[in-house]
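In this text the structure is predicted, and so the values were computed from the model without any measurement. Whatever order the structure lists them in is the order used to number ligands and atoms, beginning at 1.
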Amino acid sequence: MRGRNSAPSSPGHRLGSGCVEKLQLLPTLCTIFTTCVGMSGRRIATAPYRTPAVSLPCTDCQRGGGRKAEHSGDITAVLCFTAGADTVSAGKLTAGDVTDTGIAALRLVTRYLPWLPGDFGIVEDSFNDAEVVPLIVGRWRELCVTAAPATTQRLTNEVVSLVVIVEEKFTLREVLVSFKSCLVDNDEDVIVEHYLNGWKGLVRFMNSLGTIFSFVSKDAVNKIQIMENYLKGENGERYRTLQSMVEYELSSDLVDVTKRGSHPESGCRTVLRLHRALRWLQLFLEKLRTSSEDSKTSTLCSEAYNDSLANYHPWIIRKTATVAFLALPARNMFFEVMNVGTAEDVVDMLGEAMPYVSKVYDFTQELYSQHNLLDLP
Ligand SMILES: CCCCCCCC/C=C\CCCCCCCC(=O)N[C@@H](COP(=O)(O)O)[C@H](O)/C=C/CCCCCCCCCCCCC
């Protein structure tokens, strides 16, 4: 388990080779299968981690009451624990931090700390690699750290820290704002940080649809994390915009151009993967916007996928994605999760958002095309 000062690692690093990553699709396929045929005993809810409000007394910062109002409303909460180590810094938390010890502690907490809001029995299910990664990329806060109420001492001698991570409900508006604000210099450049924020918002949306898409969000989170590591690194300034990133990486020979070699996770390559996914998003959102009330989101999503991302994915991923799309909620429910208002409001907001998403896509496409980067391995 990592402590406060340990460096974050991407899930990809921990998994090792691509083969291992592909193997990880098997549990997803099983989940999809059991969900679809109703054999799992519990269907995946559309918003499994939502709780109505947070009212955590924080004996460390003493701000429990003050934050109560701030956090009222629909939220997503996840508990994480460190055993015998210093507090897990929220910003440094990765899936690797959640161990069997954490799960055991969670069981104890749900039994002994009745003041914790929400149904954490459900959250417990999310304590595995596939689930925790997406949940930590949202906008969350450390609410209650260390020195939890006396009852904590009944947990176990080992558990010394309790971190409560709260994620606010997704709203399409924040994604719109991110994609809008990432365009600079008369739409001639894209700020990487805001671009990633847009993706983080989308990943949160996807997470709220249930665990079935965790294999997708895991990959997206991995790529977001790679880019954030560059931004935080010593050459972070070079990664501030897409233009500067491309210029820097190409001029410093940091891109594997023909086959994967010494730079398998270059910024250029990583953004290219997200960029291709942005095309899918563009097509999907446009289909959603112009769809009729009885349109099937799974069909819209599938069509958008087949016309974009599918061209770059191997058979196993295409099949897995296609089956997962079947679990997408109906159009009205889908719109509801966007948290914008009525269906008309969603359509209006999509109309407002689309030009920005398109501008970001077009700019990136042009930049990559100019530098022959559209086929990076
Ligand atoms: C405003 C709300 C409406 C739309 C909400 C959409 C939310 C979508 C959020 C994230 C989209 C996922 C982005 C996926 C990035 C995939 C990048 C990629 O192609 N990766 C593959 C190649 O990477 P390397 O191996 O070369 O490093 C990787 O192999 C992919 C693995 C995962 C499968 C990706 C399937 C993509 C399906 C996209 C549809 C998501 C469905 C969400 C439904 C709302």
Open item on the list: I'd like to know if Arg276 contacts ligand 1, where contact means a heavy-atom distance under 4.0 Å to any ligand atom.
Closed with: no

TODO: Apply side chain to side chain contact (heavy atoms under 4.5 Å, CB included) to Leu209 and Phe334, showing your working.
DONE: CA-CA 9 Å; Leu209 297 178; Phe334 204 84; 4.1 Å; yes

Task: Proximal atoms of ligand 1 relative to Leu328 (non-hydrogen, under 4.0 Å) - done: 43 (C), 44 (C)

- [ ] Could you tell me whether the side chain of Leu283 reaches within less than 4.5 Å of the side chain of Glu303, counting heavy atoms only?
- [x] no

Open item on the list: Counting only heavy atoms, tell me which of Asp219, Val221, Leu278 gets closest to atom 16 (C) of ligand 1.
Closed with: Asp219

Task: Side chain, backbone, both or neither: Ile317 near ligand 1, heavy atoms under 4.0 Å - done: side chain

Open item on the list: Show the atoms of ligand 1 that are less than 4.0 angstrom away from any heavy atom in Phe325.
Closed with: 39 (C), 41 (C)

Open item on the list: Any non-hydrogen side-chain atom of Phe335 less than 4.5 Å from a side-chain atom of Asp345?
Closed with: no

Open item on the list: The criterion is side-chain contact (heavy atoms from CB on, under 4.5 Å); which residues satisfy it with Lys223, sequence neighbours excluded?
Closed with: Asp219, Thr270, Arg273, Leu274

Task: Val190 side chain near Val184 side chain, heavy-atom distance below 4.5 Å - done: no

- [ ] Counting heavy atoms only, name the option from Lys223, Arg273, Arg204 that's nearest to atom 27 (O) of ligand 1.
- [x] Lys223

Open item on the list: Just so I know, are the side chains of Glu228 and Lys200 near enough to count as touching, which here means a heavy-atom distance under 4.5 Å?
Closed with: yes

Task: Among Phe213, Phe284, Trp280, closest by any non-hydrogen atom to atom 6 (C) of ligand 1 - done: Trp280

Open item on the list: I'd like to know if Leu350 contacts ligand 1, where contact means a heavy-atom distance under 4.0 Å to any ligand atom.
Closed with: no

Task: Per-residue contact class, Leu285 against ligand 1 - non-hydrogen pairs under 4.0 Å - done: side chain

Open item on the list: Distance alone, cut at 3.5 Å: any donor-acceptor contact between the side chains of Glu366 and Gln370?
Closed with: yes

Task: Proximity winner for atom 25 (O) of ligand 1, if only heavy atoms of Glu265, His313, Arg269 are counted - done: Arg269

Open item on the list: If the cut-off is 4.0 Å to any non-hydrogen atom of Leu209, which atoms of ligand 1 fall inside it?
Closed with: 44 (C)

Open item on the list: If you compare all heavy atoms of Leu288 against all heavy atoms of Met338, which two are closest, and at what distance to 0.1 Å?
Closed with: CD1-CE, 3.7 Å

TODO: Would you please classify the geometry between the Tyr239 ring and the Tyr230 ring as parallel, tilted or perpendicular, with 30° and 60° separating the classes?
DONE: parallel

Open item on the list: Yes or no: does Leu274 have any heavy atom under 4.0 Å from an atom of ligand 1?
Closed with: no

Open item on the list: With a 4.5 Å cut-off on side-chain heavy atoms, are Pro377 and Arg269 touching?
Closed with: no

TODO: Look at the rings of Trp199 and Tyr195 and say which category their plane angle falls in: under 30° parallel, 30 to 60° tilted, over 60° perpendicular.
DONE: perpendicular

Open item on the list: Does any N or O of ligand 1 fall below 3.5 Å from an N or O anywhere on Arg260, backbone included?
Closed with: no

Open item on the list: For Lys218, state whether at least one heavy atom is located under 4.0 Å from any atom of ligand 1.
Closed with: no

Open item on the list: Show me which atoms of ligand 1 lie under 4.0 Å from any heavy atom of Ala277.
Closed with: 13 (C), 15 (C)

TODO: Report the residues that fulfil side-chain contact (heavy atoms from CB on, under 4.5 Å) with Asn332, sequence neighbours left out, ordered by chain and then residue number.
DONE: Ala330

TODO: Check if Tyr312 has a non-hydrogen atom at a distance under 4.0 Å from any atom of ligand 1.
DONE: no

Open item on the list: List ligand 1 atoms under 4.0 Å from Phe205, heavy atoms only on the residue side.
Closed with: 2 (C), 3 (C), 5 (C)

Open item on the list: Within ligand 1, which atoms have a heavy atom of Trp199 less than 4.0 Å away?
Closed with: 10 (C), 11 (C), 13 (C)

Open item on the list: I'd like the name of whichever of Leu309, Val337, Thr320, Val357 reaches closest to atom 36 (C) of ligand 1 through any heavy atom.
Closed with: Leu309

Open item on the list: Closer than 4.0 Å to some heavy atom of Leu281 - which atoms of ligand 1 meet that?
Closed with: 4 (C), 6 (C)

